[in-house]
Structure formats: structure tokens, C-alpha cells
Trainee: 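Supplied in C-alpha cells, the structure appears directly below.
Residue numbers begin at 1 in each chain, while the letters A, B, ... track the order of the sequences.
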Number of protein chains: 4
Amino acid sequence: MRLKKDQKAQAILQAAIKMFAEKGYHQTKITEIADTANVAHGTVYTYFKNKEDLLYNMISKLWQELSLTLEEISNNANLDPLQKVQKMVDAVFDVFTSDSRLGLVVIKEHNQLRKKGMDASVGEYEHLLNSFSHTFEQGVAEGFFDPTIDPDTFLHFVFGGLSQLIHRWANDPRSLNIQKVKEQSKYFVQQSLIKG
Amino acid sequence: MRLKKDQKAQAILQAAIKMFAEKGYHQTKITEIADTANVAHGTVYTYFKNKEDLLYNMISKLWQELSLTLEEISNNANLDPLQKVQKMVDAVFDVFTSDSRLGLVVIKEHNQLRKKGMDASVGEYEHLLNSFSHTFEQGVAEGFFDPTIDPDTFLHFVFGGLSQLIHRWANDPRSLNIQKVKEQSKYFVQQSLIKG
Amino acid sequence: MRLKKDQKAQAILQAAIKMFAEKGYHQTKITEIADTANVAHGTVYTYFKNKEDLLYNMISKLWQELSLTLEEISNNANLDPLQKVQKMVDAVFDVFTSDSRLGLVVIKEHNQLRKKGMDASVGEYEHLLNSFSHTFEQGVAEGFFDPTIDPDTFLHFVFGGLSQLIHRWANDPRSLNIQKVKEQSKYFVQQSLIKG
Amino acid sequence: MRLKKDQKAQAILQAAIKMFAEKGYHQTKITEIADTANVAHGTVYTYFKNKEDLLYNMISKLWQELSLTLEEISNNANLDPLQKVQKMVDAVFDVFTSDSRLGLVVIKEHNQLRKKGMDASVGEYEHLLNSFSHTFEQGVAEGFFDPTIDPDTFLHFVFGGLSQLIHRWANDPRSLNIQKVKEQSKYFVQQSLIKG
DNA sequence: TATGAATGAGGATTCATTCAT
DNA sequence: AATGAATGAATCCTCATTCAT
């Protein structure tokens with residue numbers, strides 16, 4: 001029973017991801033999500049508070065996943081700071097491209113939540129920032145990274161860059177070779193970080 | 001008469017920029033724009049076809065401006081490729097921060113048009129891409145830039161990074177020192193481009 | 001459930017007939033129809049695509065009814081051609097006066113649909129025409145009717161005449177004795193048809 | 001100056017007739033009429049009180065013309081009652097088909113005015129009715145016409161029949177031979193009127 | 001008189017959400 | 001839990017009419 005319940009919620013969430021990615025949040029009707037999930041539209045409200053809650057759920061899910069992964073990387077004693085940063089970039093790509101539609105939704109509609117002060121990512125984002133900052137400081141202390149770089153600025157810059165690339169790719173996967181893009185991105189990051 | 005007409009259209013456009021930046025496209029009512037511009041809501045339709053046309057106008061205006069500036073930089077024979085790229089980054093910051101609200105709208109709502117195939121920027125964006133690609137190739141030929149870099153990927157990456165930073169700043173100007181951010185951005189770009 | 005559903009649709013349709021007859025199609029607001037039917041205005045759109053669809057439904061319903069009746073008369077072997085025509089006139093009166101308001105709407109607003117190419121009646125009208133033409137030809141063949149009459153012209157003439165009378169009556173039932181009008185009409189038709 | 005003024009009013013009225021006939025009253029915008037008449041749309045209000053006044057003008061104009069003609073026929077001592085009626089039918093056809101578009105407007109949009117109690121035709125229609133009634137009574141008195149006929153009913157019947165035929169013809173002039181239709185109509189009228 | 005920018009009343013339609021079954 | 005009929009707030013856009021120039 002418990003399992004079944006989750007399955008239906010999952011089906012609805014997946015349907016919402018699909019539709020939000022294809023048509024955008026505002027252009028997607030609850031009815032379309034319900035149809036895609038093969039349930040009555042009233043059922044959506046059994047599992048989710050409202051339309052925005054669907055968005056909240058999928059976005060925070062991805063953020064949590066990413067935040068957790070970055071933390072693990074940050075705490076991995078077997079990696080040097082540069083390796084950690086490289087792995088972090090990999091992780092961002094992996095999370096966003098594992099479900100390209102979900103990634104697209106997060107990138108496209110994240111502002112939607114921000115406006116309403118429902119920003120689920122605030123907490124997760126700080127978490128993520130901390131993981132990176134920690135790694136960056138470690139890198140500076142160990143003489144790997146350029147100490148004149150502001151980690152906050154750098155993080156936003158890189159995150160923006162990766163988002164843009166992933167967004168392009170998700171919209172038209174054939175226009176970009178995602179593996180090459182990933183390698184190039186890691187290279188940009190490395191070049192920017194290491195001491196000139 | 002002609003001047004007056006343009007003035008009213010400008011007032012409405014400015015009001016729309018203000019409201020779209022503050023509340024987002026979908027959350028802004030035509031009535032609010034009209035109120036802000038001190039005209040009756042019907043007047044909006046005297047100057048603009050519909051709500052989306054307002055967005056189209058402001059976005060394409062900024063894109064055109066940027067596209068033109070980048071082309072000029074690209075064609076400036078007095079600058080070496082690295083200087084050109086630095087100036088291009090400056091130009092992006094300048095355009096997007098000259099009217100922080102307009103910049104915010106463009107970054108936030110650009111997808112809105114993309115969906116409808118009204119993407120005014122497609123043409124301008126290609127133009128912009130060409131200006132950069134040209135400069136990049138020149139830089140490679142003259143031995144300044146790393147030839148393994150894909151200019152397309154790099155451009156998207158940098159553009160994404162800059163967008164993200166500007167977006168953060170425009171939402172809360174006190175959270176970031178825009179001049180420092182600009183300098184840092186140029187540094188990242190330079191580090192990524194020049195031969196390791 | 002099925003029954004209930006139809007009942008509500010019927011209530012809305014009846015309300016629309018009432019309002020369209022009283023105020024005309026363009027002067028009637030959806031809200032008025034909904035109020036008259038004691039439902040929320042949104043409910044109208046649960047059962048009908050839009051305002052025009054309401055008109056379409058009521059008009060095509062009456063046309064179908066009439067078309068069917070005329071066909072039955074036409075095929076009735078127990079009647080001679082003149083009797084058939086007389087019965088046809090009766091049928092027109094009966095259909096249009098059974099719900100005087102519906103009749104009024106059909107006569108008043110039929111053009112509304114015609115403009116949009118939604119003319120449901122085109123098919124039914126041809127059907128009706130055929131029933132009459134068939135009867136007319138039979139009448140000519142059997143020597144009852146004047147062969148110099150063009151059945152098409154005659155049909156339009158009679159239909160126009162009946163419409164006008166019914167229209168007058170429906171607008172102000174006390175101004176005309178509908179039974180007398182019916183008898184007179186049948187007399188005109190008979191006089192026009194039979195051989196001079 | 002006086003002439004010029006009338007010319008402009010005429011141009012606007014003609015434009016309105018054209019547009020109302022083509023698109024119907026509600027579907028025609030003042031701007032379209034003004035464009036067709038090659039004046040600014042504000043100018044329409046210099047010559048006509050409002051949109052409905054345009055309709056009123058064209059309709060009452062035609063009614064007056066017809067009313068006058070019928071009166072002349074009615075008073076013509078050189079014609080017997082049957083000849084008068086025949087001429088009256090001719091007159092109806094002539095008036096309505098002289099400007100087929102105006103005829104169409106009158107037939108299509110006459111109700112529009114009736115609703116608002118602006119029925120310009122009330123006076124003229126009574127006039128017209130009187131002309132016919134007078135002729136009919138003369139015909140009965142002189143033994144030409146069937147005294148059991150109610151002239152009111154007959155008039156409405158005939159007027160409806162003629163309207164319908166003219167309407168069909170005006171909408172698609174090639175579908176009906178108007179001269180034949182006229183002759184047939186006169187025949188129907190004659191057959192209905194004369195003593196069985 | 002002529003113009004056309006400005007007005008704003010007016011109304012159709014959508015769709016997220018509720019709730020009786 | 002599941003359904004989907006019912007709701008009505010929300011808002012865009014139209015266009016007849018006015019009036020300052």
C-alpha cells in the first residue's frame with residue numbers, strides 16, 4: 001500500500017517533469033499532467049498541495065541530490081582540491097543530465113519559486129556553497145588555487161556557465177556533444193582556479 | 001507630435017520593464033503597467049500589439065545594442081584579441097547593468113519568447129557569436145588563445161556565467177560589488193582562454 | 001449520473017434559448033445565461049465549447065427535428081401531394097411554435113452561424129429541400145401542382161413567409177392569432193401551388 | 001460646401017452599407033467603415049451620432065423610398081387592384097435589388113434597431129401597410145380579391161417571402177435568376193389573392 | 001471640420017482548486 | 001483514495017466613443 005502510494009505520486013511527479021520541461025511551468029495545465037500520469041486531475045491534489053508544490057518537489061529533490069554529492073566530494077580525504085573541483089563539475093553535469101528534463105525544469109523555472117519566497121534551494125544552495133567554499137579554501141591553503149579569487153563570484157560564474165550549457169544541450173541534445181562540453185568546462189574551471 | 005508619441009511608448013515600455021523586473025512577466029498585469037506609466041490600459045494597446053510584444057520590444061532592443069557593440073569591438077584594429085575579449089566582457093556588463101531592470105528581464109524572461117518562436121535574439125545572437133568567434137580565431141591564429149577550446153562552448157559558458165552574476169546582482173545590488181565581479185569575470189575569461 | 005449531466009446541459013441550453021430570444025445573441029452575456037440556469041458561469045464551458053456553440057446546438061436541434069418530420073411526411077404513402085404540403089406547413093408552425101423562444105432564436109440568429117461557416121443547417125436544409133422537392137414533383141406528376149413553379153423559389157418564398165409570421169407572433173403573441181395565421185398560410189400555399 | 005458635406009456623409013454611409021452587408025453589423029468596426037470611406041474614424045461621428053445611427057440611416061432611407069413608391073402605386077387611378085399589387089411586388093424587388101448590399105443590410109440587421117425601440121420603420125411600415133391594405137380593400141370591394149384573406153397576415157407573409165428570396169440572391173447572385181424569381185413571386189401573390 | 005490618440009466599460013474564456021460522491 | 005463536475009477569481013484584449021488639437 002505504501003509502495004503503491006509512492007508509485008502514484010512518482011508517476012504524477014514524472015509527468016509534471018515531462019510537461020514542465022516541454023512546455024514550461026505556466027504553459028502546463030494540471031489536467032495535462034494528470035492525463036500524462038493517467039490519473040484524474042483531482043488526484044494530483046491528493047499527493048501535492050498545488051501546482052507550485054509539484055515544482056518545489058522536483059527542484060528541491062535535484063538540489064538535495066546535488067548538495068549531498070558535493071558534500072561527499074568535499075569530505076573525501078583521498079582527493080586534492082583540484083580533483084575535488086573537477087569531480088564537482090562532473091557531479092553537476094551528472095545530476096542535471098541524468099534526467100535531462102528535470103534539469104531543464106530546474107534551470108528554467110527556478111525563479112518561479114524564488115519569487116514566492118519558497119526557495120527550497122536557499123538552504124541547499126548554501127550547503128552547496130559551503131562545500132565548494134570549503135574546498136576552495138583548502139585549495140588556497142595548500143597553495144593550489146589563486147587566493148585573489150572570490151569563491152562566491154566564482155561559484156556563481158561556474159554555475160551559470162554550466163547551466164547555460166546544460167540548458168542548450170537539453171533543448172537540443174544533438175547540438176552539443178555533452179562529453180566534450182563537460183571536459184571543456186572542467187578545463188575552464190581548472191584554468192581559472194589555478195595560480196597564474 | 002512624433003516626439004510625443006515616442007515618449008508615451010517609451011513611458012509604457014519603461015513601466016513594463018520596471019514591472020516585469022519586479023514581478024516577472026506572468027505576474028505582471030497590463031493594468032499595472034498602464035498604471036505605472038500613468039495611462040489607461042487601453043493605451044498600452046495603441047503602442048504595443050499585446051503583452052508579449054512589450055517583452056519582445058525590450059529584449060530585442062538590448063540584444064541589438066549588445067550585438068552592435070560586440071561587432072564594433074571585433075572590428076577594432078587597434079586591439080589585440082585578448083583586449084577585445086576583455087572589452088567584450090565589459091560590454092556585456094555595461095549593457096546589462098546600464099538598466100539593471102532591463103537586464104534582469106532579459107535574463108529572466110528570455111525563454112518566454114523562445115517558446116513562441118518569436119526569438120528576436122536568434123539573429124542577434126548569431127551575430128554576437130560571429131563577432132566572438134572571429135575574435136577567437138584571430139587570437140588562435142596569432143598564438144594568443146588555446147586552440148583546443150571550442151569557441152561555441154566557451155561563449156555559452158561565459159555568457160551563462162555573466163548572466164548568473166548579473167542576475168544575482170540585479171536582484172540584490174548590495175550583495176555583490178559589480179565592479180569587482182566584472183574584474184573577476186574578466187580574469188576567469190582570460191585564464192580560460194590563454195594558453196596553459 | 002449520465003442523466004444528471006444531461007439535465008444540467010439542458011438547463012443551460014434552455015436558459016440560453018430564453019436569453020437569446022429575449023435579448024438577442026450579442027446582447028446576452030454568458031453570465032446571464034449561467035445565472036438563469038442557476039450555475040456558475042464556468043459551468044457553461046463544461047458543457048459547451050463557447051457562446052457560439054450554444055447557438056449552434058439549439059439551432060441544429062430544431063433543424064434536425066424539422067428535417068426529420070418533413071421527411072416522414074414526404075414518405076407517407078397515405079397522403080396526396082397537397083395534403084403533404086399542408087402537413088408540411090403545419091409541421092413548420094408546430095416546430096417553431098412548440099418553443100416559441102427557440103423558434104425566435106433560430107429565425108433571428110441563424111445568420112450568425114452562417115457567417116462563420118458553421119451552418120449546421122446546410123445539411124439539414126438540403127434535406128428539407130429534398131423532402132419538399134420530392135413531394136412537389138410527385139404533385140406535378142400526378143397533376144395536382146402547377147408545373148411552371150420552380151420548387152426552389154417556392155420553398156424559399158414560403159419559408160420566408162412563415163418565418164416572418166412566426167417571428168411577429170413570437171415577439172408579441174397577442175398581436176396574431178397563430179391558428180388563423182396557420183390556416184391562412186396553408187391557404188396561400190395551396191392557392192399558389194394548385195393549377196390555375 | 002453644403003454639397004461637399006453631403007458627399008462625405010454619403011461616402012461614409014456607402015462604406016457602412018458595404019461593410020455591414022459583407023460582414024454584418026456587429027462584425028464591422030467603425031475603423032473599417034472610416035478606412036473604406038477614406039476618412040479618419042473620428043470623422044464618422046461628425047456626420048452620424050453613433051454606429052447604430054448609421055444603420056438607422058440606411059434602413060430608414062430604404063423604407064422611406066419603398067413606402068413612398070407603394071403609396072404612389074396605391075393612389076394610381078389608372079391601375080386595377082391586381083395590377084397595383086403586382087407593381088408593388090415589383091417595387092419591393094426594385095428597391096431591394098437596386099443596391100443589393102443595402103437590401104441585404106436591411107433584411108439582415110433590421111432586428112438590431114427593433115430591439116432598441118429605434119424602429120425607424122415603424123412609421124414607414126405602417127404607411128406601407130396602409131398603402132397595401134387600401135389596395136386590398138379596394139380589390140375586395142371590386143370583387144377581385146378573396147375577402148377571407150387577412151391583409152395583415154398576407155402582407156407579412158409576402159414580405160417575408162420576398163425578403164428570403166432577395167436575401168438568398170444578394171448573398172449569392174448567381175444562385176438565383178432574379179427576374180425569374182420576381183415573376184414567380186408575382187404569380188404566387190396573384191394566385192393567393194384572387195378568388196378561388 | 002477633421003483628426004487620431006486616449007479612454008475604459010465590457011465580456012469571453014481559462015484553469016487551478018475544491019468537494020460531494 | 002479517486003474522481004471529475006462545479007466553481008469563480010483572474011485578466012487579457014476589443015472597440016465604440018470622446019475630445020484636445
Trainee: Taking the nucleotide of DNA chain E with the nearest heavy atom to each, does C/K49 or B/N38 sit closer to the 5' end?
Mentor: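 Upstream on the strand: B/N38.
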Trainee: Round to the nearest Å and state the distance from D/E52 atom CD to F/dC15 atom P.
Mentor: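 D/E52 atom CD is separated from F/dC15 atom P by 17 Å.
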Trainee: Holding to side chain to side chain donor-acceptor pair (under 3.5 Å), I want the full list of residues that pass it with D/K18, two or more places apart in sequence or in another chain.
Mentor: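 Counting only residues at least two positions away or on another chain, D/K18 forms a side chain to side chain donor-acceptor pair (under 3.5 Å) with D/E22.
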Trainee: Mind checking what makes ring-ring contact (aromatic ring centres under 6.0 Å, His included) contact with B/F96, not counting sequence neighbours?
Mentor: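 With neighbours one apart ignored, the set is empty.
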Trainee: Using whole Å, report how far CG of D/D35 lies from P of F/dA16.
Mentor: 12 Å
Trainee: Which whole-number value in Å describes the distance from D/L55 CG to F/dA16 C1'?
Mentor: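 So the CG-C1' distance, D/L55 to F/dA16, works out to 15 Å.
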Trainee: Toward the 5' end of DNA chain E, which comes first, B/A40 or C/N50, by nearest nucleotide?
Mentor: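 This one resolves to B/A40.
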Trainee: Take D/T31 and C/V44, find for each the nucleotide of DNA chain F with the closest heavy atom, and name the residue whose nucleotide sits nearer the 5' end.
Mentor: C/V44
Trainee: Do the side-chain N or O atoms of A/Y47 get closer than 4.0 angstrom to the phosphate oxygens (OP1, OP2) of F/dA2?
Mentor: yes
Trainee: Whole angstroms only, please: what is the CZ-P distance between D/F48 and F/dA16?
Mentor: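 Rounded to whole Å, this separation is 15 Å.
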Trainee: Does A/Y25 have A/K51 sitting over its ring (NZ/CZ under 6.0 Å from centre, angle to axis within 45°)?
Mentor: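 Yes, A/K51 and A/Y25 form such a contact.
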Trainee: Please enumerate all residues that pass side chain to side chain donor-acceptor pair (under 3.5 Å) together with B/E65, with sequence neighbours excluded.
Mentor: none
Trainee: Could you tell me which non-hydrogen atom of D/E109 sits nearest to which non-hydrogen atom of D/G24, and how far apart they are?
Mentor: OE2-CA, 3.4 Å
Trainee: Picking from D/N50, D/L54, D/L13, what satisfies side chain to side chain contact (heavy atoms under 4.5 Å, CB included) with D/V44?
Mentor: D/L54
Trainee: Is there a side-chain contact between B/K8 and the phosphate of E/dA6, meaning an N or O under 4.0 Å from OP1 or OP2?
Mentor: yes
Trainee: Both atom distances under 3.5 Å, Watson-Crick or G-U wobble: I'd like the secondary structure of DNA chain E as a dot-bracket string, with | for pairs made across strands.
Mentor: .||||||||||||||||||||
Trainee: Go through F/dA2, F/dT7, F/dC13 for me and flag the one nearest to the A/T46 side chain.
Mentor: F/dA2
Trainee: Figure out the CE/C1' separation between D/M19 and F/dA16, and round it to whole Å.
Mentor: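 Atom CE in D/M19 sits about 16 Å away from atom C1' in F/dA16.
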Trainee: Quick test: give all pairs of protein nitrogen or oxygen and nucleotides 9-11 of chain E nitrogen or oxygen below 3.5 Å, distance rounded to 0.1 Å.
Mentor:
residue	atom	partner	partner atom	Å
E/dA9	N6	B/H41	NE2	2.6

Trainee: Whole Å only: how far is the CD1 atom of A/I33 from the P atom of E/dA16?
Mentor: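 Those two atoms, CD1 and P, are 8 Å apart.
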Trainee: Check for a donor-acceptor pair, side chain of D/T36 on one end and backbone N or O of D/A15 on the other, with a separation under 3.5 Å.
Mentor: no
Trainee: Step by step, work out the side-chain contact (heavy atoms from CB on, under 4.5 Å) result for B/V105 and B/M58.
Mentor: CA-CA 9 Å; B/V105 173; B/M58 64 184 77; 3.6 Å; yes
Trainee: Could you work out, with side chain to side chain donor-acceptor pair (under 3.5 Å) as the rule, every residue matching D/E32, not counting sequence neighbours?
Mentor: D/K23
Trainee: Using whole Å, report how far CD1 of A/I12 lies from P of F/dA1.
Mentor: 11 Å
Trainee: Work out which heavy atom in D/I107 is nearest to a heavy atom in D/S163; give both atom names and the distance.
Mentor: CD1-O, 3.5 Å
Trainee: Would you kindly give the CG-to-C1' distance between B/L54 and F/dC12, to the nearest whole Å?
Mentor: 13 Å
Trainee: With a 4.0 Å limit, can you tell me whether D/T43 has a side-chain N or O closer than that to the phosphate oxygens OP1/OP2 of E/dT3?
Mentor: yes
